[in-house]
Protein chains: 2
Amino acid sequence: MNYSRQREIILNTLKQNVVHPTAEYLYDVLKKENPSISLATLYRNLNQLAENGIIKKIDGLESSSHYDHNTHDHYHFICDKCKKVFDISADVAPDLVKKAQEETGFTIMGSDIVFHGICKNCNK
Amino acid sequence: MNYSRQREIILNTLKQNVVHPTAEYLYDVLKKENPSISLATLYRNLNQLAENGIIKKIDGLESSSHYDHNTHDHYHFICDKCKKVFDISADVAPDLVKKAQEETGFTIMGSDIVFHGICKNCNK
DNA sequence: ACTAAAATGAGAATAGTTATCAACTTTAGG
DNA sequence: CCTAAAGTTGATAACTATTCTCATTTTAGT
(Lines give C-alpha, C1' and ligand atoms only; values in the text may rest on other atoms or scores of the structure.)
Protein backbone atom coordinates (compact mmCIF):
# COMPACT_ATOMS: atom_id res chain seq x y z
CA MET A 1 0.00 0.00 0.00
CA ASN A 2 1.62 3.23 -1.15
CA TYR A 3 1.02 6.56 0.48
CA SER A 4 -1.89 8.54 -0.87
CA ARG A 5 -3.15 11.94 0.10
CA GLN A 6 -6.76 10.86 -0.29
CA ARG A 7 -6.31 7.86 1.98
CA GLU A 8 -4.77 10.07 4.64
CA ILE A 9 -7.69 12.49 4.45
CA ILE A 10 -10.21 9.67 4.61
CA LEU A 11 -8.56 8.08 7.64
CA ASN A 12 -8.27 11.41 9.44
CA THR A 13 -11.88 12.25 8.76
CA LEU A 14 -12.96 8.90 10.12
CA LYS A 15 -10.74 9.34 13.20
CA GLN A 16 -12.19 12.75 13.96
CA ASN A 17 -15.67 11.35 13.75
CA VAL A 18 -17.28 10.40 17.01
CA VAL A 19 -20.04 8.45 15.35
CA HIS A 20 -19.62 5.26 13.33
CA PRO A 21 -20.30 6.74 9.93
CA THR A 22 -21.46 5.14 6.73
CA ALA A 23 -19.60 5.75 3.47
CA GLU A 24 -22.36 8.12 2.44
CA TYR A 25 -21.99 10.21 5.60
CA LEU A 26 -18.21 10.30 5.26
CA TYR A 27 -18.52 11.32 1.64
CA ASP A 28 -20.66 14.31 2.53
CA VAL A 29 -18.14 15.42 5.16
CA LEU A 30 -15.15 14.83 2.90
CA LYS A 31 -16.58 16.72 -0.04
CA LYS A 32 -16.70 19.95 1.96
CA GLU A 33 -12.92 20.13 2.19
CA ASN A 34 -12.14 18.05 -0.89
CA PRO A 35 -14.81 18.59 -3.49
CA SER A 36 -12.97 16.57 -6.12
CA ILE A 37 -12.76 13.32 -4.13
CA SER A 38 -14.50 10.42 -5.81
CA LEU A 39 -16.93 8.05 -4.16
CA ALA A 40 -15.02 5.15 -5.69
CA THR A 41 -11.84 6.39 -4.02
CA LEU A 42 -13.61 6.51 -0.70
CA TYR A 43 -14.91 2.94 -0.97
CA ARG A 44 -11.59 1.67 -2.29
CA ASN A 45 -9.70 3.19 0.60
CA LEU A 46 -12.15 2.15 3.29
CA ASN A 47 -11.83 -1.41 2.05
CA GLN A 48 -8.07 -1.24 1.93
CA LEU A 49 -7.82 0.27 5.39
CA ALA A 50 -10.13 -2.43 6.73
CA GLU A 51 -8.18 -5.21 5.00
CA ASN A 52 -5.02 -3.90 6.62
CA GLY A 53 -6.64 -3.81 10.03
CA ILE A 54 -6.31 -0.04 10.35
CA ILE A 55 -10.04 0.46 10.60
CA LYS A 56 -12.98 -1.90 11.04
CA LYS A 57 -15.95 -2.33 8.73
CA ILE A 58 -19.10 -2.92 10.76
CA ASP A 59 -21.74 -5.02 9.06
CA GLY A 60 -25.12 -6.10 10.32
CA LEU A 61 -26.21 -2.65 11.48
CA GLU A 62 -28.25 -1.44 8.53
CA SER A 63 -28.37 -2.02 4.80
CA SER A 64 -25.13 -0.07 4.46
CA SER A 65 -21.82 -0.71 6.17
CA HIS A 66 -20.50 1.54 8.91
CA TYR A 67 -16.83 2.17 9.61
CA ASP A 68 -14.99 2.39 12.92
CA HIS A 69 -11.50 3.73 13.57
CA ASN A 70 -11.47 1.91 16.91
CA THR A 71 -10.10 -1.54 16.16
CA HIS A 72 -9.94 -2.65 19.78
CA ASP A 73 -12.19 -5.56 20.66
CA HIS A 74 -15.63 -4.14 21.34
CA TYR A 75 -19.25 -4.55 20.33
CA HIS A 76 -21.94 -2.27 18.96
CA PHE A 77 -25.49 -1.27 19.70
CA ILE A 78 -27.77 0.46 17.22
CA CYS A 79 -30.90 2.23 18.39
CA ASP A 80 -33.87 1.12 16.30
CA LYS A 81 -35.41 4.55 16.76
CA CYS A 82 -32.69 7.18 16.31
CA LYS A 83 -30.30 4.84 14.43
CA LYS A 84 -27.35 6.05 16.49
CA VAL A 85 -24.55 3.54 17.02
CA PHE A 86 -22.96 3.07 20.45
CA ASP A 87 -19.96 1.09 21.64
CA ILE A 88 -20.30 -1.72 24.13
CA SER A 89 -17.23 -2.85 26.03
CA ALA A 90 -15.97 -6.36 25.30
CA ASP A 91 -15.92 -6.88 29.07
CA VAL A 92 -19.56 -7.95 28.98
CA ALA A 93 -18.35 -11.27 27.56
CA PRO A 94 -14.74 -11.96 28.35
CA ASP A 95 -13.07 -14.62 26.23
CA LEU A 96 -16.07 -14.82 23.90
CA VAL A 97 -13.94 -15.56 20.86
CA LYS A 98 -11.72 -17.97 22.77
CA LYS A 99 -14.73 -19.91 24.05
CA ALA A 100 -16.40 -19.97 20.65
CA GLN A 101 -13.15 -21.29 19.22
CA GLU A 102 -12.91 -23.99 21.86
CA GLU A 103 -16.47 -25.10 21.30
CA THR A 104 -16.28 -25.29 17.53
CA GLY A 105 -12.67 -26.10 16.76
CA PHE A 106 -12.77 -23.41 14.09
CA THR A 107 -10.14 -20.73 13.62
CA ILE A 108 -11.94 -17.50 14.40
CA MET A 109 -10.42 -14.46 12.70
CA GLY A 110 -12.99 -11.84 13.57
CA SER A 111 -16.48 -11.08 14.68
CA ASP A 112 -19.36 -8.72 14.17
CA ILE A 113 -21.36 -8.37 17.33
CA VAL A 114 -24.34 -6.08 17.10
CA PHE A 115 -27.15 -5.47 19.57
CA HIS A 116 -30.21 -3.50 18.75
CA GLY A 117 -33.04 -1.98 20.73
CA ILE A 118 -33.91 1.40 22.17
CA CYS A 119 -31.24 3.69 23.61
CA LYS A 120 -31.49 5.49 26.92
CA ASN A 121 -32.42 8.78 25.32
CA CYS A 122 -35.20 7.39 23.10
CA ASN A 123 -36.53 5.40 26.04
CA LYS A 124 -37.54 8.55 27.93
CA MET B 1 -51.18 -11.51 8.70
CA ASN B 2 -53.64 -13.61 6.69
CA TYR B 3 -53.01 -17.14 5.65
CA SER B 4 -51.29 -17.57 2.31
CA ARG B 5 -50.30 -20.72 0.50
CA GLN B 6 -47.06 -19.15 -0.71
CA ARG B 7 -46.02 -18.15 2.79
CA GLU B 8 -46.64 -21.66 4.03
CA ILE B 9 -44.50 -23.10 1.25
CA ILE B 10 -41.72 -20.61 1.90
CA LEU B 11 -41.67 -21.33 5.63
CA ASN B 12 -41.72 -25.08 5.08
CA THR B 13 -38.91 -24.89 2.58
CA LEU B 14 -36.82 -22.85 5.00
CA LYS B 15 -37.58 -25.30 7.82
CA GLN B 16 -36.52 -28.28 5.76
CA ASN B 17 -33.26 -26.59 4.93
CA VAL B 18 -30.28 -27.53 7.06
CA VAL B 19 -28.20 -24.62 5.84
CA HIS B 20 -28.92 -20.96 6.48
CA PRO B 21 -29.98 -20.06 2.98
CA THR B 22 -30.02 -16.74 1.18
CA ALA B 23 -33.14 -15.57 -0.64
CA GLU B 24 -31.47 -16.52 -3.90
CA TYR B 25 -30.84 -20.09 -2.75
CA LEU B 26 -34.38 -20.45 -1.41
CA TYR B 27 -35.78 -19.11 -4.66
CA ASP B 28 -33.96 -21.75 -6.68
CA VAL B 29 -35.29 -24.50 -4.42
CA LEU B 30 -38.83 -23.09 -4.37
CA LYS B 31 -39.09 -22.72 -8.12
CA LYS B 32 -38.63 -26.45 -8.64
CA GLU B 33 -41.97 -27.24 -6.97
CA ASN B 34 -43.61 -23.85 -7.58
CA PRO B 35 -42.38 -22.44 -10.86
CA SER B 36 -44.79 -19.51 -10.73
CA ILE B 37 -43.65 -18.10 -7.40
CA SER B 38 -42.33 -14.56 -7.61
CA LEU B 39 -39.08 -13.32 -6.13
CA ALA B 40 -40.97 -10.35 -4.68
CA THR B 41 -43.33 -12.74 -2.89
CA LEU B 42 -40.36 -14.54 -1.41
CA TYR B 43 -38.73 -11.35 -0.09
CA ARG B 44 -42.06 -9.99 1.16
CA ASN B 45 -42.78 -13.16 3.09
CA LEU B 46 -39.31 -13.58 4.51
CA ASN B 47 -39.54 -10.03 5.85
CA GLN B 48 -43.01 -10.61 7.27
CA LEU B 49 -42.01 -13.86 8.92
CA ALA B 50 -38.95 -12.18 10.42
CA GLU B 51 -40.99 -9.20 11.67
CA ASN B 52 -43.35 -11.63 13.36
CA GLY B 53 -40.48 -13.49 15.00
CA ILE B 54 -41.24 -16.73 13.19
CA ILE B 55 -37.87 -16.79 11.48
CA LYS B 56 -34.69 -14.76 11.89
CA LYS B 57 -32.94 -12.68 9.28
CA ILE B 58 -29.17 -12.96 9.66
CA ASP B 59 -27.19 -9.93 8.54
CA GLY B 60 -23.48 -9.32 8.60
CA LEU B 61 -22.56 -12.62 6.95
CA GLU B 62 -22.19 -11.59 3.33
CA SER B 63 -23.56 -8.92 1.06
CA SER B 64 -26.88 -10.76 1.05
CA SER B 65 -29.02 -11.69 4.04
CA HIS B 66 -29.42 -15.27 5.20
CA TYR B 67 -32.50 -16.68 6.89
CA ASP B 68 -32.80 -19.02 9.84
CA HIS B 69 -35.85 -20.97 11.01
CA ASN B 70 -34.18 -21.46 14.38
CA THR B 71 -35.17 -18.46 16.48
CA HIS B 72 -33.63 -19.75 19.69
CA ASP B 73 -30.79 -17.66 21.03
CA HIS B 74 -27.65 -18.70 19.19
CA TYR B 75 -24.78 -17.26 17.19
CA HIS B 76 -23.32 -17.87 13.76
CA PHE B 77 -19.98 -18.58 12.17
CA ILE B 78 -19.24 -18.19 8.48
CA CYS B 79 -16.22 -19.83 6.92
CA ASP B 80 -14.30 -17.29 4.86
CA LYS B 81 -13.21 -20.07 2.53
CA CYS B 82 -16.22 -22.34 1.86
CA LYS B 83 -18.81 -19.72 2.92
CA LYS B 84 -20.75 -22.31 4.90
CA VAL B 85 -22.67 -21.01 7.92
CA PHE B 86 -22.57 -22.85 11.24
CA ASP B 87 -24.45 -22.41 14.50
CA ILE B 88 -22.66 -21.59 17.73
CA SER B 89 -24.43 -22.26 21.00
CA ALA B 90 -25.34 -19.24 23.11
CA ASP B 91 -23.72 -21.08 26.03
CA VAL B 92 -20.35 -19.64 25.07
CA ALA B 93 -21.51 -16.35 26.59
CA PRO B 94 -24.30 -16.83 29.13
CA ASP B 95 -26.27 -13.69 29.97
CA LEU B 96 -24.57 -11.73 27.22
CA VAL B 97 -27.66 -9.64 26.49
CA LYS B 98 -28.43 -9.16 30.17
CA LYS B 99 -24.90 -7.94 30.88
CA ALA B 100 -24.87 -5.64 27.87
CA GLN B 101 -28.17 -4.23 29.05
CA GLU B 102 -26.83 -3.67 32.57
CA GLU B 103 -23.74 -1.93 31.28
CA THR B 104 -25.51 0.40 28.88
CA GLY B 105 -28.92 0.97 30.38
CA PHE B 106 -30.39 0.42 26.92
CA THR B 107 -33.36 -1.81 26.17
CA ILE B 108 -31.89 -4.59 24.06
CA MET B 109 -34.41 -6.25 21.76
CA GLY B 110 -32.14 -8.51 19.79
CA SER B 111 -28.65 -9.23 18.61
CA ASP B 112 -26.72 -10.33 15.58
CA ILE B 113 -23.58 -12.17 16.54
CA VAL B 114 -21.42 -13.37 13.72
CA PHE B 115 -17.96 -14.88 13.83
CA HIS B 116 -15.86 -15.55 10.80
CA GLY B 117 -12.72 -17.50 10.09
CA ILE B 118 -11.79 -20.92 8.76
CA CYS B 119 -13.91 -23.96 9.54
CA LYS B 120 -12.51 -27.31 10.68
CA ASN B 121 -12.86 -28.86 7.26
CA CYS B 122 -11.13 -26.06 5.35
CA ASN B 123 -8.37 -25.98 7.99
CA LYS B 124 -7.13 -29.44 7.06
C1' DA C 1 14.72 12.24 -13.71
C1' DC C 2 12.76 7.40 -15.35
C1' DT C 3 10.00 3.66 -14.81
C1' DA C 4 6.85 0.42 -12.84
C1' DA C 5 3.40 -0.10 -9.64
C1' DA C 6 -0.26 1.98 -7.25
C1' DA C 7 -3.98 5.31 -6.90
C1' DT C 8 -7.38 8.56 -8.76
C1' DG C 9 -11.92 10.53 -10.69
C1' DA C 10 -15.83 9.84 -13.42
C1' DG C 11 -19.22 7.28 -14.65
C1' DA C 12 -21.07 2.73 -16.10
C1' DA C 13 -22.34 -1.62 -14.25
C1' DT C 14 -23.86 -4.91 -10.86
C1' DA C 15 -26.32 -7.21 -7.03
C1' DG C 16 -29.64 -7.42 -3.73
C1' DT C 17 -33.77 -5.81 -2.40
C1' DT C 18 -38.02 -2.97 -2.38
C1' DA C 19 -41.90 -0.47 -4.65
C1' DT C 20 -45.81 -0.35 -7.80
C1' DC C 21 -50.05 -1.98 -9.40
C1' DA C 22 -53.78 -4.56 -11.36
C1' DA C 23 -55.68 -9.08 -10.49
C1' DC C 24 -56.69 -12.68 -7.28
C1' DT C 25 -57.47 -14.70 -2.19
C1' DT C 26 -58.67 -14.72 2.30
C1' DT C 27 -61.47 -13.46 6.16
C1' DA C 28 -65.28 -11.79 9.00
C1' DG C 29 -69.97 -10.29 9.27
C1' DG C 30 -74.68 -10.33 7.91
C1' DC D 1 -73.18 -18.77 1.65
C1' DC D 2 -72.36 -13.81 -0.22
C1' DT D 3 -70.09 -9.76 0.04
C1' DA D 4 -66.96 -6.21 0.97
C1' DA D 5 -62.70 -4.96 2.91
C1' DA D 6 -58.22 -6.21 3.70
C1' DG D 7 -54.38 -8.87 2.46
C1' DT D 8 -51.53 -11.26 -1.03
C1' DT D 9 -49.67 -12.30 -5.56
C1' DG D 10 -46.74 -12.13 -9.91
C1' DA D 11 -44.35 -9.30 -13.06
C1' DT D 12 -41.46 -5.88 -13.61
C1' DA D 13 -39.66 -1.26 -12.81
C1' DA D 14 -37.00 1.25 -9.59
C1' DC D 15 -33.74 1.95 -6.09
C1' DT D 16 -29.47 1.76 -3.21
C1' DA D 17 -25.11 0.49 -1.94
C1' DT D 18 -21.09 -0.89 -3.75
C1' DT D 19 -17.74 -2.40 -7.26
C1' DC D 20 -15.69 -2.22 -11.84
C1' DT D 21 -13.45 -0.01 -15.84
C1' DC D 22 -10.19 2.80 -17.80
C1' DA D 23 -7.56 6.73 -19.10
C1' DT D 24 -4.80 9.84 -16.36
C1' DT D 25 -1.97 11.05 -12.36
C1' DT D 26 0.85 10.06 -8.30
C1' DT D 27 4.24 7.51 -5.69
C1' DA D 28 8.67 5.02 -4.69
C1' DG D 29 12.92 3.13 -5.86
C1' DT D 30 17.03 3.39 -8.78
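In what follows, every heavy atom counts, from backbone to side chain, and hydrogens, waters and symmetry copies are set aside. Throughout, protein chains are lettered first and strands after them, A, B, ... in sequence-line order, and every chain is numbered starting at 1.
Taking the six-membered ring where tryptophan is involved, the planes of His76(A) and His20(A) are perpendicular, since the angle between them exceeds 60° and thus also 30°.
Formation of a donor-acceptor pair under 3.5 Å by the Gln101(A) side chain with backbone atoms of Ile108(A) is found in this model.
Side-chain nitrogen and oxygen atoms of Gln48(B) include none within less than 4.0 Å of the OP1 or OP2 phosphate oxygen of dG7(D). Remark: Ser38(B) is not in phosphate contact with dT12(D), judged by side-chain N or O atoms under 4.0 Å from OP1 or OP2.
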Chi angles and distances behind the side-chain hydrogen bond (donor to acceptor under 3.5 Å, both in side chains) call for Asp68(A), His74(A): CA-CA 11 Å; Asp68(A) 196 344; His74(A) 68 286; 2.9 Å; yes

Worked verdict on Tyr67(B) versus Ile58(B) for side chain to side chain contact (heavy atoms under 4.5 Å, CB included): CA-CA 6 Å; Tyr67(B) 299 88; Ile58(B) 319 171; over 6 Å; no

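With a heavy-atom cut-off of 4.0 Å to chain B, the contacted part of DNA chain C has its first and last nucleotide at dG16(C) to dT27(C).
Salt-bridge annotation for Lys56(A) and Asp112(A): present, with a side-chain N of the basic residue lying under 4.0 Å from a carboxylate O of the acidic one.
Counting any heavy atom pair closer than 4.0 Å across all strands shown, Thr41(B) reaches a base atom. Within the 4.0 angstrom heavy-atom criterion, no nucleotide atom of any strand lies near Thr22(A).
Atom CD of Glu51(B) is separated from atom P of dG7(D) by 14 Å (rounded to the nearest Å). Separating the CG atom of Leu42(A) from the P atom of dT16(D) is a distance of 18 Å, rounded to the nearest angstrom. Atom P of nucleotide dT8(D) and atom CD of Glu8(B) are separated by 14 Å, given to the nearest angstrom.
Paired with Ile54(A) under the rule side-chain contact (heavy atoms from CB on, under 4.5 Å), one option of Met1(A), Arg7(A), His69(A) passes, and it is Met1(A).
Heavy-atom neighbours of Lys83(B) NZ from other residues, nucleotides or ligands within 6.0 Å: above the threshold of 12. The local environment of CD in Glu24(A) is sparse, with at most 12 non-hydrogen atoms from other residues, nucleotides or ligands closer than 6.0 Å.
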Contact pattern, 5' to 3', of nucleotides 19-30 of chain D - B, S or - by protein heavy atom under 4.0 Å: BBB-----SS--

